[in-house]
Structures are given as structure tokens and as C-alpha cells.
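Encoded as C-alpha cells, the structure appears first; notes follow it.
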Amino acid sequence: MPLTFKDVRRLFQVPTKGRVRLRDYDPGWAADKELQELTKDELKARAKEFLAHTVTDLADAQERLYASDTHSVLIVLQASDAAGKDGTIKHVMTGVNPQGCQVFAFKKPSSEELDHNFLWRYMRALPERGRIGIFNRSYYEDVLVVRVHPELVNLPSGKKGRKEFWEDRYDDINQFERHLTRNGTLVLKFFLNVSKKEQGKRFMERLENPEKFWKFSFGDLDERKHWDEYQDAFENMIQHTSTEWAPWWVVPADHKYVTRALVAGIITRAIDDLGVAFPEVSEEKRQRFGAAKADLLADGVKPKGKKKKKKDAEVATEEEER
Ligand code: AMP
Ligand code: MG
């Protein structure tokens with residue numbers, strides 16, 4: 001896409017100060033001016049092409065992250081139902097080495113989880129150094145679904161009635177993310193911003209397309225009735241927890257191809273900016289390579305560079321097989 005990263009940041013990264021209004025972010029955003037001349041199909045093709053090569057870049061970046069073993073990356077995805085969290089994970093992480101990445105989907109907490117502080121279950125799932133961890137829903141649910149349904153707060157009654165209750169939670173989250181950042185975890189947070197209209201369409205599709213029946217949940221329709229309360233909770237959450245060390249990205253989600261291309265681009269760029277590289281091999285270790293090679297030679301292993309020259313045709317077949 002001809003958008004520069006600076007444009008992407010200006011359009012979708014939430015400032016760390018001032019009032020946040022979700023209505024300033026268009027869920028149906030599909031292109032900047034230059035791209036608007038294209039037809040919808042052309043645009044879709046362009047986004048797919050961008051995604052395809054970004055996904056390759058991401059796989060490379062992840063390999064360096066894994067090899068360097070100095071940082072980890074935590075990707076947090078929050079959104080209304082049917083905004084495309086699962087599809088985004090699937091498409092963006094294609095090609096990434098499964099050994100270097102882990103996905104956790106958080107559902108209703110168990111009674112054991114409820115008996116701990118609200119961050120406990122998420123702490124246990126954090127990515128270790130060298131890995132990318134994805135939270136499909138996260139500790140942010142504890143200021144979202146729990147805020148819309150305060151009866152879910154599991155604390156002695158005196159504590160949850162306090163006016164500062166939610167502010168305290170935002171503060172806890174900010175400090176938690178600060179702690180992670182200071183300890184080498186890059187925290188990337190995406191809010192997939194879908195419109196109520198598009199959500200309705202996607203629910204309807206789940207009722208009409210047999211392959212999507214399994215995705216339909218009656219509970220999702222109940223939550224849709226609280227749409228405005230959720231939007232308020234999202235807005236409040238984003239405003240209070242977009243920080244210098246872990247800013248929010250509000251990504252348009254009415255067009256799936258746009259969401260995926262943007263999320264892939266932002267993650268790749270952020271990992272690149274960490275400057276992780278393959279570890280340097282020390283001079284001392286390299287000097288011992290000679291002796292190791294001699295051992296292998298003695299064992300009858302031929303060095304690759306010294307194979308007999310092959311005919312061109314043979315090389316071409318080998319290339320194809322790879
Ligand atoms: P899904 O992601 O569609 O499988 O749904 C997971 C469900 O778990 C959603 O209805 C969430 O609202 C709910 N959930 C996730 N985290 C929490 C939480 N901390 N407290 C209460 N409900 C939660
Ligand atoms: Mg669901």
C-alpha cells in the first residue's frame with residue numbers, strides 16, 4: 001500500500017494524552033485518497049498482495065526475535081463479537097514458526113482464577129523471551145465485559161462499590177504493562193473497530209451459511225443489546241490505557257482485508273524497530289570451527305562448496321524440489 005508507516009500511525013495509533021472518541025475512527029475505512037480510485041476488488045487484491053509479503057517479513061522478524069532471545073512480544077486483541085479477531089490471528093500469523101508463537105484465548109474465568117487478583121491468569125500466560133504471545137481477549141475484559149456487567153466483579157462487596165474502582169484497574173493495567181515493557185516485552189494492543197451494522201451482517205451470515213452455523217452464539221445477540229455501553233467502555237478503556245510504553249491501535253474492521261493488512265504491517269514494523277538480530281558468533285567460537293570441520297571431514301562428510309560441479313539441468317530439478 002502506498003500508505004507510509006507515518007500515515008498509519010497518524011490514522012490509527014491512539015494519542016497518549018487527551019480525550020479519545022471512537023467516532024473519530026471510521027470502522028469502514030478502506031483506503032487513503034490514492035487508493036480510493038481503485039475498485040473494491042482491485043483494492044482487495046492490493047491489500048492481499050501487501051499482506052502476503054508482509055507476512056513473509058513478519059516470519060523473518062519472528063525468526064530474528066527467536067534467535068536473539070532478548071525480547072518477547074505480547075499482542076493483545078480486543079473487539080466486539082464478530083469483529084474478526086480469530087481471522088486476523090489466522091491470516092497474520094500464517095508462515096510464522098509455530099515454535100516461536102503462542103495464542104491464548106481468554107473466556108469466562110474459572111472459580112480458581114476468580115479467587116486470585118484479576119491479572120493473575122494473564123501473567124501465567126505471558127510469552128517467554130524470544131516468543132510472540134497473542135492474547136485473544138485479555139485483562140482488558142476486566143474493564144469491558146465486567147464493566148458492562150458489574151455483577152461479574154468478584155470482590156468483597158465493599159471494594160467494588162468504590163468510585164475509583166475502574167480508574168484503579170486502568171492504573172493497575174498501565175503499571176503492569178510498564179513492568180512488562182521494562183523487562184523486554186513489547187506490548188502491542190489492537191482494538192478491532194467494527195460497526196454495529198457490519199456486526200449485524202456477520203451475525204446474520206452465521207445464521208444463514210451452514211459452514212458458519214457453529215460460530216453463532218445466542219449470547220452474542222444479548223451482548224449486542226448492550227452495544228452503546230460497550231462502546232463507552234471501549235472508549236474509556238482506550239483513553240485511560242493508551243500510554244507511551246503501550247499505545248492502542250484502533251484498526252478499522254468492517255473490511256477484513258484492511259484489518260489484516262494493517263495489523264500485519266504494524267506488528268512487523270514494531271518488531272523491526274526492536275532491532276533484534278541474529279546473535280553474533282564470537283571470534284573464539286569461530287576459531288574452533290576449523291577443528292569441528294576437520295572432525296566431520298574425518299567422518300566422511302563432504303563440504304558443500306567442494307561438491308563436483310553438477311550439470312545445469314540437475315541443479316534446476318533440485319531447486320524445484322525445494
Ligand atoms: P469467545 O471469545 O467468543 O469464545 O467468548 C468468550 C467469552 O468469555 C466472552 O463472552 C467474554 O465476554 C467472556 N470473558 C472473557 N474474559 C472474561 C472476564 N475476565 N470476565 C468475564 N467474562 C469474560
Ligand atoms: Mg464469540
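Atoms within a ligand are numbered from 1 in the order they appear, just like the ligands themselves.
- Any N or O atom pair closer than 3.5 Å counts here, and Asp220 shares no such pair with ligand 1.
- The aromatic rings of Phe135 and Tyr122 lie tilted to each other, with the angle between the two planes from 30° to 60°.
- Between His53 and Phe50, the two ring planes are perpendicular [angle over 60°; tilted spans 30° to 60°].
- Residue contacts with ligand 1 include Tyr122, since one of its heavy atoms falls under 4.0 Å from the ligand.
- Counting heavy atoms closer than 4.0 Å to ligand 1, residue Pro109 contributes side-chain atoms (C-beta onward) but none from N, CA, C or O.
- Relative orientation of the Tyr139 and Phe176 rings is perpendicular, given thresholds of 30° and 60° on the angle between their planes.
- You'll find the ring centres of Trp248 and Tyr140 inside the 6.0 Å limit.
- Between Trp249 and Phe5, the ring planes lie tilted relative to each other; the angle falls in the 30° to 60° range.
- In this structure, Phe218 and Phe216 have perpendicular ring planes: the angle between them is above 60°, well past the 30° mark.
- Taking each of Phe118, Tyr230, Phe106 in turn, the one with a heavy atom nearest to atom 15 (C) of ligand 1 proves to be Phe106.
- Comparing Val153, Val145, Leu114 by heavy-atom distance to atom 23 (C) of ligand 1, the nearest is Val145.
- Applying the 4.0 Å criterion to heavy atoms of Arg121 picks out, from ligand 1, the atoms 16 (N), 17 (C), 18 (C), 19 (N).
- Contact annotation: for Arg137 versus ligand 1, heavy atoms closer than 4.0 Å belong to the side chain alone.
- Distances below 4.0 Å separate heavy atoms of Val146 from the following atoms of ligand 1: 20 (N).
- Each of the following atoms of ligand 1 lies closer than 4.0 Å to a heavy atom of Asp142: 19 (N).
- The pair Lys256-Asp86 does not count as a salt bridge, with every side-chain nitrogen at least 4.0 angstrom from each carboxylate oxygen.
- For ligand 1, one of its N or O atoms has an N or O atom of Lys107 under 3.5 Å away.
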